[in-house]
Amino acid sequence: MREWWRDAVIYQIYPRSFQDTSGNGVGDLKGITNRLEHVASLGVDCIWLSPIFMSPQKDMGYDVSDHTNIDPLFGTLEDFDRLIEKAHALGLKVITDQVLSHTSDQHRWFKESRSSRTSEKTDWYVWVDPMPDGSPPNNWHSHFGGPAWEFDPGRGQYYLHNFLASQPDLNFHNPDVVDAILETCKYWLDRGLDGFRLDTVNYYFHDQELRSNPPTHAKPQVMATDLYGMQKNIYNKTRPENLGFLERLRALTDQYDDIMMVGEVGEMGDRSIEIMAEYTAGSARLHLAYSFAMLGPDFTPGHFRRCIEGFQKGAPDGHPKWSFSNHDVPRHPSRWAEHAVSHDAIAKQSCAMLMAFEGTIGIYQGEELGQSEAELEFHELTDPPAIRYWPAVKGRDGCRTPMVWDNTDNGGFSREMPWLPIKAPQLERAVTHQEAANDSVLHHYREVIAFRRNNAALCNGATSFHDVADPILAFTRSTDAQSLTCVFNLSKESQTVPLNTGMLTGPRAAKLEGQNLQLPGNGYAYITHDEPIQFT
(Lines give C-alpha, C1' and ligand atoms only; values in the text may rest on other atoms or scores of the structure.)
Protein backbone atom coordinates (compact mmCIF):
# COMPACT_ATOMS: atom_id res chain seq x y z
CA MET A 1 0.00 0.00 0.00
CA ARG A 2 1.37 3.42 -1.00
CA GLU A 3 1.99 5.70 1.98
CA TRP A 4 -0.23 8.80 2.15
CA TRP A 5 2.68 11.24 2.21
CA ARG A 6 4.34 10.14 -1.04
CA ASP A 7 2.13 12.27 -3.28
CA ALA A 8 0.65 14.53 -0.60
CA VAL A 9 0.15 18.27 -0.78
CA ILE A 10 1.05 19.79 2.60
CA TYR A 11 -0.35 23.18 3.61
CA GLN A 12 1.82 25.19 6.01
CA ILE A 13 -0.01 27.27 8.60
CA TYR A 14 1.82 30.03 10.44
CA PRO A 15 -0.35 30.05 13.60
CA ARG A 16 0.37 33.66 14.57
CA SER A 17 -1.05 34.81 11.25
CA PHE A 18 -3.93 32.51 10.38
CA GLN A 19 -6.92 33.49 12.53
CA ASP A 20 -7.26 35.27 15.86
CA THR A 21 -10.23 34.36 18.09
CA SER A 22 -8.99 35.77 21.40
CA GLY A 23 -8.83 39.40 20.28
CA ASN A 24 -5.15 39.91 21.07
CA GLY A 25 -4.12 40.35 17.43
CA VAL A 26 -2.29 37.01 17.32
CA GLY A 27 -3.63 33.89 15.64
CA ASP A 28 -4.45 30.85 17.76
CA LEU A 29 -5.41 27.18 17.66
CA LYS A 30 -9.15 27.87 17.87
CA GLY A 31 -8.79 30.15 14.88
CA ILE A 32 -7.04 27.43 12.88
CA THR A 33 -9.77 24.95 13.82
CA ASN A 34 -12.47 27.42 12.68
CA ARG A 35 -10.80 27.86 9.28
CA LEU A 36 -9.99 24.23 8.47
CA GLU A 37 -12.84 23.99 5.97
CA HIS A 38 -11.00 26.51 3.78
CA VAL A 39 -7.86 24.38 3.89
CA ALA A 40 -9.76 21.18 3.15
CA SER A 41 -11.50 22.88 0.19
CA LEU A 42 -8.14 23.21 -1.54
CA GLY A 43 -7.83 19.43 -1.80
CA VAL A 44 -4.65 19.23 0.29
CA ASP A 45 -3.79 16.22 2.43
CA CYS A 46 -2.03 17.59 5.48
CA ILE A 47 -1.41 20.73 7.51
CA TRP A 48 1.95 21.67 9.00
CA LEU A 49 1.79 23.95 12.03
CA SER A 50 4.75 26.22 12.69
CA PRO A 51 5.75 26.23 16.40
CA ILE A 52 2.93 26.32 18.95
CA PHE A 53 4.88 25.14 22.01
CA MET A 54 5.76 27.10 25.15
CA SER A 55 8.18 29.87 24.28
CA PRO A 56 9.32 33.39 25.22
CA GLN A 57 8.72 34.13 21.51
CA LYS A 58 12.12 35.75 20.96
CA ASP A 59 12.20 33.95 17.59
CA MET A 60 8.47 33.45 17.10
CA GLY A 61 8.32 30.07 18.81
CA TYR A 62 11.53 28.61 17.46
CA ASP A 63 12.93 29.15 20.95
CA VAL A 64 11.10 26.41 22.86
CA SER A 65 11.00 26.56 26.66
CA ASP A 66 8.78 23.49 27.18
CA HIS A 67 8.59 20.81 24.49
CA THR A 68 5.41 19.18 25.85
CA ASN A 69 3.07 22.11 26.39
CA ILE A 70 1.17 24.61 24.25
CA ASP A 71 2.05 28.27 24.60
CA PRO A 72 -0.93 30.15 26.14
CA LEU A 73 -0.57 32.65 23.30
CA PHE A 74 -2.04 29.95 21.04
CA GLY A 75 -4.35 28.14 23.47
CA THR A 76 -4.35 24.94 25.47
CA LEU A 77 -3.68 21.24 25.05
CA GLU A 78 -7.45 20.78 24.83
CA ASP A 79 -7.55 23.27 21.92
CA PHE A 80 -4.81 21.25 20.25
CA ASP A 81 -6.76 18.02 20.72
CA ARG A 82 -9.90 19.58 19.21
CA LEU A 83 -7.86 20.82 16.23
CA ILE A 84 -6.52 17.31 15.62
CA GLU A 85 -10.01 15.83 15.91
CA LYS A 86 -11.57 18.25 13.41
CA ALA A 87 -8.68 17.99 10.97
CA HIS A 88 -8.95 14.20 10.95
CA ALA A 89 -12.71 14.45 10.45
CA LEU A 90 -12.04 16.58 7.35
CA GLY A 91 -9.49 14.07 6.05
CA LEU A 92 -6.46 16.19 6.94
CA LYS A 93 -3.32 14.88 8.58
CA VAL A 94 -1.53 17.16 11.07
CA ILE A 95 2.21 17.60 11.61
CA THR A 96 3.96 20.16 13.80
CA ASP A 97 7.30 21.88 13.79
CA GLN A 98 9.69 20.06 16.12
CA VAL A 99 12.59 22.33 17.09
CA LEU A 100 15.11 19.85 18.45
CA SER A 101 18.58 21.26 17.80
CA HIS A 102 18.29 24.06 20.37
CA THR A 103 16.04 25.41 23.10
CA SER A 104 15.21 28.73 24.68
CA ASP A 105 17.55 29.96 27.38
CA GLN A 106 14.41 29.89 29.55
CA HIS A 107 14.09 26.12 29.22
CA ARG A 108 14.49 24.35 32.57
CA TRP A 109 17.25 22.21 31.02
CA PHE A 110 19.36 25.25 30.18
CA LYS A 111 18.69 26.96 33.49
CA GLU A 112 20.03 23.90 35.28
CA SER A 113 22.95 23.50 32.88
CA ARG A 114 24.16 27.08 33.26
CA SER A 115 23.71 27.05 37.03
CA SER A 116 26.86 25.03 37.73
CA ARG A 117 29.63 23.05 36.09
CA THR A 118 28.67 20.16 38.41
CA SER A 119 24.89 20.17 37.83
CA GLU A 120 23.18 17.02 36.56
CA LYS A 121 22.69 18.67 33.16
CA THR A 122 26.04 20.41 33.01
CA ASP A 123 26.89 19.04 29.56
CA TRP A 124 23.39 19.04 28.06
CA TYR A 125 24.51 22.10 26.09
CA VAL A 126 27.79 22.90 24.32
CA TRP A 127 30.00 24.65 26.86
CA VAL A 128 33.63 25.61 26.12
CA ASP A 129 36.32 27.48 28.00
CA PRO A 130 37.56 30.76 26.47
CA MET A 131 40.80 30.85 24.53
CA PRO A 132 43.79 32.22 26.47
CA ASP A 133 43.01 35.69 25.13
CA GLY A 134 39.34 35.37 26.12
CA SER A 135 38.05 34.89 22.58
CA PRO A 136 35.61 32.18 21.41
CA PRO A 137 37.00 28.72 20.56
CA ASN A 138 36.59 29.01 16.78
CA ASN A 139 35.25 31.09 13.90
CA TRP A 140 31.70 29.74 13.68
CA HIS A 141 29.03 32.31 12.85
CA SER A 142 25.50 32.63 14.16
CA HIS A 143 22.77 32.83 11.51
CA PHE A 144 21.42 35.94 13.21
CA GLY A 145 24.67 37.85 13.39
CA GLY A 146 27.96 37.75 15.24
CA PRO A 147 29.80 34.72 16.60
CA ALA A 148 27.96 31.48 17.36
CA TRP A 149 29.31 31.72 20.90
CA GLU A 150 27.94 33.61 23.90
CA PHE A 151 29.97 34.09 27.08
CA ASP A 152 28.16 33.20 30.30
CA PRO A 153 29.73 34.92 33.36
CA GLY A 154 28.16 32.46 35.79
CA ARG A 155 29.97 29.45 34.36
CA GLY A 156 32.87 31.42 32.95
CA GLN A 157 32.42 29.61 29.64
CA TYR A 158 31.01 30.12 26.18
CA TYR A 159 27.93 28.25 24.95
CA LEU A 160 27.07 27.50 21.33
CA HIS A 161 24.08 29.08 19.57
CA ASN A 162 23.55 28.77 15.83
CA PHE A 163 20.76 31.35 15.98
CA LEU A 164 19.96 33.93 18.69
CA ALA A 165 22.06 34.02 21.85
CA SER A 166 18.79 33.14 23.63
CA GLN A 167 18.67 29.88 21.62
CA PRO A 168 21.48 27.69 23.03
CA ASP A 169 22.29 24.52 21.11
CA LEU A 170 21.76 21.16 22.78
CA ASN A 171 24.70 18.77 23.02
CA PHE A 172 23.51 15.76 21.01
CA HIS A 173 26.78 13.98 21.77
CA ASN A 174 25.27 13.39 25.22
CA PRO A 175 23.04 10.27 25.05
CA ASP A 176 20.83 11.63 27.85
CA VAL A 177 19.95 14.59 25.64
CA VAL A 178 19.01 12.30 22.76
CA ASP A 179 16.83 10.17 25.06
CA ALA A 180 15.08 13.25 26.45
CA ILE A 181 14.41 14.66 22.97
CA LEU A 182 12.99 11.35 21.77
CA GLU A 183 10.64 11.32 24.77
CA THR A 184 9.25 14.72 23.78
CA CYS A 185 8.58 13.41 20.26
CA LYS A 186 6.86 10.32 21.64
CA TYR A 187 4.60 12.55 23.74
CA TRP A 188 3.06 14.17 20.65
CA LEU A 189 2.79 10.93 18.69
CA ASP A 190 0.87 9.46 21.61
CA ARG A 191 -1.42 12.49 21.48
CA GLY A 192 -2.45 11.72 17.89
CA LEU A 193 -0.03 13.76 15.79
CA ASP A 194 0.61 12.39 12.29
CA GLY A 195 4.26 13.37 12.08
CA PHE A 196 6.86 16.09 12.33
CA ARG A 197 8.43 18.85 10.33
CA LEU A 198 11.96 18.81 11.73
CA ASP A 199 13.46 22.28 11.93
CA THR A 200 17.14 22.63 10.94
CA VAL A 201 17.46 18.86 10.67
CA ASN A 202 21.17 18.94 9.81
CA TYR A 203 22.15 21.01 12.87
CA TYR A 204 21.83 18.44 15.65
CA PHE A 205 25.52 17.53 16.03
CA HIS A 206 28.64 19.67 16.05
CA ASP A 207 32.29 18.77 15.57
CA GLN A 208 33.60 17.72 18.97
CA GLU A 209 37.06 19.00 18.10
CA LEU A 210 35.53 22.45 17.47
CA ARG A 211 37.55 22.95 14.30
CA SER A 212 37.13 26.28 12.52
CA ASN A 213 35.26 26.31 9.23
CA PRO A 214 37.22 27.08 6.05
CA PRO A 215 36.17 29.99 3.82
CA THR A 216 34.00 29.51 0.76
CA HIS A 217 35.54 32.42 -1.17
CA ALA A 218 31.94 33.10 -2.15
CA LYS A 219 29.99 36.34 -2.18
CA PRO A 220 28.24 37.25 1.08
CA GLN A 221 24.88 35.59 1.57
CA VAL A 222 21.94 37.73 2.65
CA MET A 223 20.22 34.99 4.66
CA ALA A 224 20.65 36.94 7.85
CA THR A 225 24.10 38.34 8.45
CA ASP A 226 26.01 38.43 5.15
CA LEU A 227 28.72 36.40 6.86
CA TYR A 228 27.34 32.91 7.49
CA GLY A 229 27.52 31.95 3.82
CA MET A 230 31.15 33.01 3.60
CA GLN A 231 32.18 29.80 5.38
CA LYS A 232 31.95 26.18 4.35
CA ASN A 233 29.84 25.19 7.32
CA ILE A 234 31.24 21.67 7.62
CA TYR A 235 32.07 21.55 11.32
CA ASN A 236 29.10 23.31 12.90
CA LYS A 237 26.41 21.27 11.09
CA THR A 238 25.73 18.29 8.79
CA ARG A 239 27.99 16.05 10.84
CA PRO A 240 27.97 12.28 10.17
CA GLU A 241 26.51 11.59 13.62
CA ASN A 242 23.26 13.19 12.45
CA LEU A 243 22.39 10.05 10.53
CA GLY A 244 22.46 7.87 13.62
CA PHE A 245 20.04 10.18 15.40
CA LEU A 246 17.68 10.23 12.41
CA GLU A 247 17.67 6.44 12.44
CA ARG A 248 16.69 6.42 16.12
CA LEU A 249 13.93 8.93 15.43
CA ARG A 250 12.71 6.84 12.49
CA ALA A 251 12.69 3.73 14.68
CA LEU A 252 10.42 5.62 17.10
CA THR A 253 7.99 6.75 14.41
CA ASP A 254 7.89 3.25 12.91
CA GLN A 255 6.21 2.09 16.11
CA TYR A 256 3.12 4.06 15.01
CA ASP A 257 0.90 3.83 11.93
CA ASP A 258 1.09 6.29 9.02
CA ILE A 259 3.64 8.64 10.59
CA MET A 260 5.74 10.94 8.42
CA MET A 261 8.84 13.03 9.12
CA VAL A 262 9.98 15.79 6.79
CA GLY A 263 13.30 17.46 7.50
CA GLU A 264 14.26 21.03 6.69
CA VAL A 265 17.81 20.97 5.34
CA GLY A 266 19.42 24.24 6.33
CA GLU A 267 21.75 24.59 3.36
CA MET A 268 21.86 26.35 0.01
CA GLY A 269 22.78 25.28 -3.52
CA ASP A 270 23.76 21.86 -4.83
CA ARG A 271 24.96 20.74 -1.41
CA SER A 272 21.39 21.01 -0.12
CA ILE A 273 20.19 18.52 -2.73
CA GLU A 274 22.98 16.12 -1.74
CA ILE A 275 21.96 16.32 1.92
CA MET A 276 18.28 15.81 1.05
CA ALA A 277 19.25 12.67 -0.82
CA GLU A 278 21.50 11.37 1.96
CA TYR A 279 18.93 12.00 4.68
CA THR A 280 16.11 10.17 2.86
CA ALA A 281 18.10 7.27 1.39
CA GLY A 282 16.77 3.85 2.31
CA SER A 283 13.95 3.26 4.77
CA ALA A 284 15.64 3.97 8.09
CA ARG A 285 16.06 7.76 7.99
CA LEU A 286 13.68 10.60 7.11
CA HIS A 287 10.59 9.88 5.07
CA LEU A 288 11.25 13.03 3.04
CA ALA A 289 13.29 16.23 3.11
CA TYR A 290 13.27 19.68 1.60
CA SER A 291 15.81 22.44 1.33
CA PHE A 292 16.07 26.07 0.30
CA ALA A 293 17.07 25.02 -3.22
CA MET A 294 13.79 26.22 -4.75
CA LEU A 295 13.25 29.02 -2.23
CA GLY A 296 15.73 31.43 -3.77
CA PRO A 297 15.83 33.83 -6.73
CA ASP A 298 16.68 31.24 -9.42
CA PHE A 299 13.88 30.88 -11.95
CA THR A 300 15.40 29.03 -14.89
CA PRO A 301 14.69 25.67 -16.52
CA GLY A 302 18.24 24.55 -15.74
CA HIS A 303 17.88 25.29 -12.04
CA PHE A 304 14.66 23.32 -11.55
CA ARG A 305 16.01 20.46 -13.64
CA ARG A 306 19.27 20.32 -11.66
CA CYS A 307 17.36 20.19 -8.39
CA ILE A 308 15.14 17.30 -9.43
CA GLU A 309 17.73 15.31 -11.37
CA GLY A 310 20.28 15.88 -8.62
CA PHE A 311 17.94 14.32 -6.11
CA GLN A 312 17.08 11.44 -8.44
CA LYS A 313 20.76 10.65 -8.88
CA GLY A 314 21.69 11.05 -5.21
CA ALA A 315 18.84 9.05 -3.70
CA PRO A 316 16.98 6.87 -6.19
CA ASP A 317 15.12 5.30 -3.26
CA GLY A 318 14.72 8.57 -1.32
CA HIS A 319 11.84 11.03 -1.40
CA PRO A 320 11.84 14.84 -1.81
CA LYS A 321 9.45 17.61 -0.84
CA TRP A 322 9.40 20.69 -3.05
CA SER A 323 8.16 24.15 -2.09
CA PHE A 324 8.42 27.63 -3.56
CA SER A 325 7.51 29.62 -0.42
CA ASN A 326 7.51 29.34 3.36
CA HIS A 327 7.76 31.54 6.46
CA ASP A 328 11.49 32.22 6.01
CA VAL A 329 11.72 33.61 2.47
CA PRO A 330 10.00 36.29 0.37
CA ARG A 331 6.83 35.03 -1.28
CA HIS A 332 7.63 33.60 -4.68
CA PRO A 333 5.33 35.74 -6.92
CA SER A 334 7.19 38.78 -5.57
CA ARG A 335 10.57 37.03 -5.54
CA TRP A 336 10.23 36.10 -9.22
CA ALA A 337 8.49 39.32 -10.32
CA GLU A 338 11.15 40.18 -12.91
CA HIS A 339 10.12 37.04 -14.84
CA ALA A 340 6.38 37.76 -14.67
CA VAL A 341 3.94 39.07 -17.24
CA SER A 342 1.72 39.82 -14.26
CA HIS A 343 1.54 38.86 -10.62
CA ASP A 344 -1.40 36.50 -11.18
CA ALA A 345 0.23 34.96 -14.26
CA ILE A 346 3.35 33.85 -12.42
CA ALA A 347 1.33 32.77 -9.37
CA LYS A 348 -0.77 30.49 -11.57
CA GLN A 349 2.18 29.17 -13.56
CA SER A 350 4.10 28.45 -10.34
CA CYS A 351 1.19 26.40 -9.04
CA ALA A 352 0.91 24.42 -12.28
CA MET A 353 4.66 23.74 -12.26
CA LEU A 354 4.96 22.84 -8.57
CA MET A 355 2.03 20.43 -8.71
CA ALA A 356 3.70 18.66 -11.64
CA PHE A 357 6.92 17.91 -9.74
CA GLU A 358 7.67 14.39 -8.57
CA GLY A 359 7.52 14.02 -4.79
CA THR A 360 5.58 15.63 -1.98
CA ILE A 361 4.45 19.23 -2.45
CA GLY A 362 4.36 22.03 0.11
CA ILE A 363 2.37 25.26 -0.10
CA TYR A 364 2.40 28.14 2.37
CA GLN A 365 -0.71 29.86 3.69
CA GLY A 366 -1.83 32.66 1.36
CA GLU A 367 0.03 31.10 -1.55
CA GLU A 368 -3.35 29.91 -2.83
CA LEU A 369 -4.32 33.59 -3.07
CA GLY A 370 -1.18 34.54 -4.97
CA GLN A 371 -0.34 36.62 -1.91
CA SER A 372 2.50 39.11 -2.37
CA GLU A 373 5.38 40.03 -0.09
CA ALA A 374 4.44 42.88 2.26
CA GLU A 375 6.62 45.98 2.34
CA LEU A 376 7.07 46.98 5.98
CA GLU A 377 8.58 49.98 7.68
CA PHE A 378 11.24 49.66 10.37
CA HIS A 379 8.87 50.42 13.27
CA GLU A 380 6.61 47.57 12.14
CA LEU A 381 9.30 44.87 12.26
CA THR A 382 9.43 41.95 14.70
CA ASP A 383 12.09 39.73 13.08
CA PRO A 384 15.39 39.88 15.04
CA PRO A 385 17.86 39.89 12.10
CA ALA A 386 15.83 42.55 10.29
CA ILE A 387 15.77 44.78 13.35
CA ARG A 388 19.51 44.34 13.81
CA TYR A 389 20.58 44.78 10.18
CA TRP A 390 17.93 47.07 8.68
CA PRO A 391 17.81 48.24 5.93
CA ALA A 392 20.35 45.87 4.33
CA VAL A 393 18.31 42.90 5.60
CA LYS A 394 14.53 43.17 5.24
CA GLY A 395 13.91 40.03 7.30
CA ARG A 396 11.05 37.57 7.23
CA ASP A 397 8.11 39.66 8.44
CA GLY A 398 7.02 40.45 4.89
CA CYS A 399 5.95 36.86 4.26
CA ARG A 400 4.43 36.40 7.73
CA THR A 401 1.69 39.04 7.65
CA PRO A 402 -1.79 37.75 8.55
CA MET A 403 -4.05 35.74 6.31
CA VAL A 404 -6.62 37.99 4.61
CA TRP A 405 -10.12 36.52 4.72
CA ASP A 406 -12.21 39.57 3.72
CA ASN A 407 -11.90 43.29 2.95
CA THR A 408 -12.49 44.63 6.44
CA ASP A 409 -9.79 46.75 8.11
CA ASN A 410 -8.06 43.74 9.67
CA GLY A 411 -8.87 41.40 6.82
CA GLY A 412 -11.18 39.23 8.92
CA PHE A 413 -8.10 38.02 10.77
CA SER A 414 -8.73 39.78 14.08
CA ARG A 415 -11.10 42.27 15.68
CA GLU A 416 -8.05 44.08 17.06
CA MET A 417 -4.83 45.40 15.52
CA PRO A 418 -2.87 42.41 14.11
CA TRP A 419 0.63 41.67 15.37
CA LEU A 420 1.92 42.52 11.89
CA PRO A 421 0.14 45.06 9.67
CA ILE A 422 -2.02 44.12 6.71
CA LYS A 423 -1.19 46.43 3.81
CA ALA A 424 -3.47 47.39 0.92
CA PRO A 425 -1.83 45.06 -1.67
CA GLN A 426 -2.37 42.08 0.64
CA LEU A 427 -5.95 43.16 1.45
CA GLU A 428 -6.79 43.15 -2.25
CA ARG A 429 -6.14 39.40 -2.34
CA ALA A 430 -8.72 38.47 0.29
CA VAL A 431 -10.37 35.05 0.20
CA THR A 432 -13.84 36.62 -0.30
CA HIS A 433 -12.64 38.52 -3.40
CA GLN A 434 -11.15 35.41 -4.91
CA GLU A 435 -14.10 33.18 -4.14
CA ALA A 436 -16.24 35.59 -6.16
CA ALA A 437 -13.93 35.63 -9.21
CA ASN A 438 -13.97 32.51 -11.41
CA ASP A 439 -10.50 33.25 -12.79
CA SER A 440 -8.84 33.85 -9.41
CA VAL A 441 -5.62 32.28 -8.20
CA LEU A 442 -7.61 30.53 -5.45
CA HIS A 443 -9.87 28.71 -7.91
CA HIS A 444 -6.81 27.90 -10.00
CA TYR A 445 -5.10 26.21 -7.03
CA ARG A 446 -8.16 24.06 -6.38
CA GLU A 447 -8.34 23.10 -10.07
CA VAL A 448 -4.65 22.22 -10.39
CA ILE A 449 -4.50 20.28 -7.11
CA ALA A 450 -7.55 18.26 -8.23
CA PHE A 451 -5.91 17.65 -11.61
CA ARG A 452 -2.80 16.35 -9.89
CA ARG A 453 -4.86 14.12 -7.64
CA ASN A 454 -6.82 12.65 -10.57
CA ASN A 455 -3.80 11.82 -12.72
CA ALA A 456 -1.61 8.94 -11.62
CA ALA A 457 1.30 10.22 -13.70
CA LEU A 458 1.48 13.40 -11.60
CA CYS A 459 1.08 11.53 -8.31
CA ASN A 460 3.61 8.76 -8.77
CA GLY A 461 4.97 8.83 -12.31
CA ALA A 462 8.70 8.79 -13.03
CA THR A 463 10.19 12.03 -14.36
CA SER A 464 12.26 12.40 -17.52
CA PHE A 465 13.38 15.80 -18.81
CA HIS A 466 13.44 16.96 -22.42
CA ASP A 467 16.31 18.93 -23.91
CA VAL A 468 14.49 22.08 -24.94
CA ALA A 469 16.13 25.49 -25.26
CA ASP A 470 15.59 28.13 -22.61
CA PRO A 471 13.24 29.53 -21.44
CA ILE A 472 11.23 26.30 -21.80
CA LEU A 473 11.10 23.70 -19.03
CA ALA A 474 9.67 20.40 -20.26
CA PHE A 475 9.46 16.98 -18.66
CA THR A 476 7.32 13.86 -18.90
CA ARG A 477 5.78 12.05 -15.93
CA SER A 478 5.02 8.41 -16.73
CA THR A 479 3.43 5.35 -15.19
CA ASP A 480 2.67 2.07 -16.96
CA ALA A 481 -0.83 3.37 -17.70
CA GLN A 482 -0.27 7.07 -18.44
CA SER A 483 2.25 9.58 -19.79
CA LEU A 484 1.79 13.29 -19.26
CA THR A 485 4.21 15.91 -20.55
CA CYS A 486 4.41 19.23 -18.71
CA VAL A 487 5.67 22.34 -20.49
CA PHE A 488 6.36 25.76 -18.96
CA ASN A 489 7.50 29.04 -20.47
CA LEU A 490 9.65 30.65 -17.77
CA SER A 491 9.74 34.06 -19.41
CA LYS A 492 7.57 37.08 -20.18
CA GLU A 493 7.80 36.59 -23.95
CA SER A 494 5.58 34.29 -26.00
CA GLN A 495 7.21 31.07 -27.20
CA THR A 496 6.35 28.53 -29.92
CA VAL A 497 7.33 24.91 -29.28
CA PRO A 498 6.97 22.34 -32.13
CA LEU A 499 5.62 18.94 -31.10
CA ASN A 500 5.30 15.63 -32.93
CA THR A 501 2.19 14.41 -31.09
CA GLY A 502 -0.17 15.00 -28.20
CA MET A 503 -3.31 16.76 -27.01
CA LEU A 504 -3.80 19.43 -24.36
CA THR A 505 -5.49 18.36 -21.16
CA GLY A 506 -6.28 19.92 -17.81
CA PRO A 507 -5.62 23.54 -16.73
CA ARG A 508 -3.59 25.47 -19.25
CA ALA A 509 -2.33 28.82 -20.47
CA ALA A 510 -1.44 27.67 -24.00
CA LYS A 511 -2.90 26.74 -27.39
CA LEU A 512 -2.05 23.86 -29.71
CA GLU A 513 -2.19 24.99 -33.33
CA GLY A 514 -1.43 22.05 -35.56
CA GLN A 515 1.89 20.74 -34.28
CA ASN A 516 2.91 23.99 -32.64
CA LEU A 517 2.40 24.64 -28.95
CA GLN A 518 1.82 28.38 -28.44
CA LEU A 519 2.81 29.51 -24.95
CA PRO A 520 2.23 33.12 -23.83
CA GLY A 521 4.52 34.66 -21.27
CA ASN A 522 4.32 32.47 -18.12
CA GLY A 523 2.36 29.98 -20.16
CA TYR A 524 2.01 26.29 -19.25
CA ALA A 525 0.44 23.15 -20.61
CA TYR A 526 -0.13 19.49 -19.77
CA ILE A 527 -0.04 17.21 -22.82
CA THR A 528 -1.37 13.68 -23.00
CA HIS A 529 0.05 11.33 -25.64
CA ASP A 530 0.16 7.65 -26.59
CA GLU A 531 3.53 7.66 -28.34
CA PRO A 532 6.77 9.23 -27.08
CA ILE A 533 6.67 12.99 -27.39
CA GLN A 534 9.43 14.87 -29.17
CA PHE A 535 10.11 18.58 -29.41
CA THR A 536 11.02 18.90 -33.07
Side-chain angles (χ1 to χ4, degrees), residues 4-5 8-19 27-29 31-33 35-36 38-53 59-62 74 80 83-84 87 90 92-99 193-201 260-266 287-295 320-335 347 350-351 354-355 357 359-374 383 396-405 413 420 426 429 431 441-442 445-446 449:
W4 66 268
W5 44 267
V9 178
I10 300 174
Y11 184 91
Q12 180 191 358
I13 291 176
Y14 197 68
R16 279 178 159 266
S17 296
F18 204 61
Q19 179 68 67
D28 46 54
L29 295 180
I32 296 170
T33 303
R35 293 291 190 179
L36 283 178
H38 167 79
V39 180
S41 77
L42 299 174
V44 303
D45 305 280
C46 176
I47 60 172
W48 149 28
L49 303 178
S50 289
I52 54 174
F53 308 125
D59 188 24
M60 304 307 164
Y62 285 90
F74 302 119
F80 175 82
L83 187 158
I84 293 279
L90 290 170
L92 295 169
K93 304 284 188 181
V94 183
I95 65 174
T96 58
D97 242 314
Q98 296 298 116
V99 186
L193 203 61
D194 298 298
F196 306 128
R197 182 266 190 186
L198 298 167
D199 184 60
T200 57
V201 74
M260 177 272 285
M261 296 187 298
V262 52
E264 176 208 29
V265 173
H287 298 83
L288 52 150
Y290 82 96
S291 74
F292 282 67
M294 293 188 183
L295 298 174
K321 172 180 175 284
W322 305 114
S323 302
F324 289 161
S325 283
N326 69 14
H327 65 291
D328 278 333
V329 298
R331 290 184 177 273
H332 64 265
S334 298
R335 199 170 73 237
S350 298
C351 173
L354 184 61
M355 295 302 160
F357 286 168
T360 303
I361 302 304
I363 60 177
Y364 176 50
Q365 68 176 54
E367 182 176 331
E368 74 275 22
L369 309 177
Q371 195 54 273
S372 59
E373 183 79 357
D383 191 26
R396 301 166 294 178
D397 288 321
C399 66
R400 298 177 175 183
T401 55
M403 188 76 173
V404 182
W405 300 100
F413 164 73
L420 282 175
Q426 284 68 50
R429 295 189 165 275
V431 171
V441 176
L442 175 58
Y445 263 76
R446 289 177 178 144
I449 291 172

- Item | Nearest-0.5 Å distance that lies between atom CD1 in Ile363 and atom CD in Glu368 | 6.0 Å
- Task: Taking all non-hydrogen atoms of both residues into account, name the closest pair between Ala289 and Val265 and its distance.
- Result: CB-CG2, 4.3 Å
- Step by step, work out the side-chain contact (heavy atoms from CB on, under 4.5 Å) result for Arg331 and Thr401. CA-CA 11 Å; Arg331 290 184 177 273; Thr401 55; 5.6 Å; no
- Under 3.5 Å, is there a donor-acceptor pair linking the side chains of Ser372 and Gln426? yes
- Take Glu264 and Arg197, measure what salt bridge (Lys or Arg N to Asp or Glu O under 4.0 Å) needs, and give me the verdict at the end. CA-CA 7 Å; Glu264 176 208 29; Arg197 182 266 190 186; 3.3 Å; yes
- With under 30° as parallel and over 60° as perpendicular, where do the rings of Trp48 and Tyr290 fit, or are they tilted in between? tilted
- Item | Rounded distance (nearest 0.5 Å) linking atom CD1 of Ile449 with atom CE of Met355 | 4.0 Å
- Query: Among all residues two or more places apart in sequence or in another chain, which pass the salt bridge (charged side-chain N to carboxylate O under 4.0 Å, His left out) test with Asp397?
  - Reply: none
- Answer yes or no: is there a donor N or O on one side and an acceptor on the other, between the side chain of Ser325 and the main chain of His332, under 3.5 Å? yes
- Measure across Met260 and Leu288 and return the closest heavy-atom pair with its distance rounded to 0.1 Å. CG-CD2, 3.4 Å
- Note on the structure: Correct closest heavy-atom pair for Gly27 and Phe74 would be O-CD2, 3.4 Å
- What is the distance from atom OH of Tyr62 to atom CG of Asp328, rounded to the nearest 0.5 Å? 6.5 Å
- Item | Verdict with reasoning, Ser50 to Arg16, per side-chain contact (heavy atoms from CB on, under 4.5 Å) | CA-CA 9 Å; Ser50 289; Arg16 279 178 159 266; over 6 Å; no
- Query: Which atom pair, heavy atoms only, marks the closest approach of Arg446 to Ser41?
  - Reply: NH2-OG, 3.0 Å
- Given side-chain contact (heavy atoms from CB on, under 4.5 Å), test Thr360 with Val262 step by step and report yes or no. CA-CA 10 Å; Thr360 303; Val262 52; over 6 Å; no
- Query: Going from CZ on Arg400 to OH on Tyr14, what distance comes out if it is rounded to the nearest 0.5 angstrom?
  - Reply: 3.5 Å
- Closest approach of Val431 and Met403, non-hydrogen atoms and distance? CG2-CE, 4.2 Å
- Message: Are Val9 and Asp45 packed together at the side-chain level, in the sense that at least one heavy-atom pair is separated by less than 4.5 angstrom?
- Response: yes
- Item | Separation of Ile47 CD1 from Leu42 CG (nearest 0.5 Å) | 12.0 Å
- Message: Between Gln98 and Leu198 (side chain of the first, backbone of the second, donor and acceptor by atom type, cut-off under 3.5 Å), is there such a pair?
- Response: no
- Message: Would you call the rings of Phe18 and Trp405 parallel, tilted or perpendicular, taking 30° and 60° as the class edges?
- Response: perpendicular
- Message: Run the side-chain contact (heavy atoms from CB on, under 4.5 Å) test against Asp194 and tell me which residues pass, sequence neighbours left out.
- Response: His88, Lys93, Val94
- Non-neighbouring partners of Tyr445 that pass ring pair (Phe, Tyr, Trp, His ring centres under 6.0 Å), sequence neighbours left out: none
- Is there a donor-acceptor contact under 3.5 Å from the side chain of Arg335 to the main chain of Pro330? yes
- Return the minimal non-hydrogen interatomic distance between Phe53 and Asp97, and the atom names on each side. CE1-O, 3.2 Å
- Distance, nearest 0.5 Å, that separates OH of Tyr364 from CG of Leu295: 12.0 Å
